[in-house]
Amino acid sequence: RSSDLDHLTEVSPYSFQELATLQVLDLSNNPNLRSLDPKVFFGLDSLQELNLSSTSVPSLPKDTLHYLPSIKSIAWGKNVQCLKTIKAGQFHHHGGLTKEEILHCRDDHGHIMAPNLL
């Protein structure tokens, strides 16, 4: 399978800002893609699936999830699938509830992988 997006070496911040209704972004099979600025995902408010498999992106900056409020899954590396879960907890200083978004990643053998967020 080949597409116009399979020879990327970088993606500029705000590249997808006009695509607010995009639900799936496939950047897979870009072995020369080594990093992604979190602002690459600016404006992708509806994105649910991100495919980074077969890229050389080793991690995503921690604030990446801030730009992806609807993300459900991220495919990564070789057969690693990350699913977003929301953990509710008490925040004692203000007495309110907080929500913490966490990526849980597993490889195709079911091994739990540490989330690669800086």
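Below, all heavy atoms of this structure are taken into account, side chains as well, without hydrogens, waters or symmetry copies.
The hydrophobic cluster containing Val24 does not contain Val11, counting ILVMFWY residues as joined when their side-chain heavy atoms lie under 4.5 angstrom apart, directly or transitively. A single hydrophobic cluster is seen to contain both Leu19 and Ile71, as judged by linkage of ILVMFWY side chains at heavy-atom distances under 4.5 Å, directly or through other members.
The CG atom of Leu33 sits 7.5 Å away from the OG atom of Ser56 when rounded to the nearest 0.5 Å. Atom NZ of Lys72 sits about 8.0 Å away from atom CD of Gln23, to the nearest 0.5 Å. Here Phe16 contributes atom CZ and Leu25 contributes atom CG; the two are 4.5 Å apart, rounded to the nearest 0.5 Å. Atom CG of Leu60 is separated from atom CG of Leu68 by 8.5 Å, given to the nearest 0.5 angstrom. Interatomic distance, CG of Leu44 versus CD of Glu18, reported as 11.0 Å (0.5 Å rounding). Taken from OG1 in Thr9 to NE2 in His7, the straight-line distance is 11.5 Å, to the nearest 0.5 Å.
Not a single donor-acceptor pair under 3.5 Å links the side chain of Asn51 to the backbone N or O of Leu27. In this structure, Ser70 contributes its side chain and Asp45 its backbone to a donor-acceptor pair below 3.5 Å. Looking at Ser73, its side chain never comes within 3.5 Å of a backbone N or O of Leu83 through a donor-acceptor pair. Within the 3.5 Å criterion, the main-chain N or O of Ser28 finds a donor-acceptor partner in the side chain of Asn30. Between the side chain of Trp76 and the main chain of Val57, a donor-acceptor pair closer than 3.5 Å is present.
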Exercise. Run the numbers on Arg34 and Asn32 for side-chain contact (heavy atoms from CB on, under 4.5 Å), then give the verdict.
Key: CA-CA 6 Å; Arg34 293 178 171 21; Asn32 294 318; 4.0 Å; yes
Quiz item: Yes or no on side-chain contact (heavy atoms from CB on, under 4.5 Å) for Leu36 and Thr64, after CA distance, side-chain angles and deciding distance?
Solution: CA-CA 9 Å; Leu36 289 169; Thr64 299; over 6 Å; no
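Ile74 and Leu52 make their closest contact through CG2-CD1, 4.3 Å (heavy atoms, listed as atom of the first residue, atom of the second, distance). Nearest approach of Val40 to Ser12, heavy atoms of both residues: CG2-O, 3.8 Å. Between Pro69 and His66, the shortest heavy-atom contact is CD-O, 4.2 Å.
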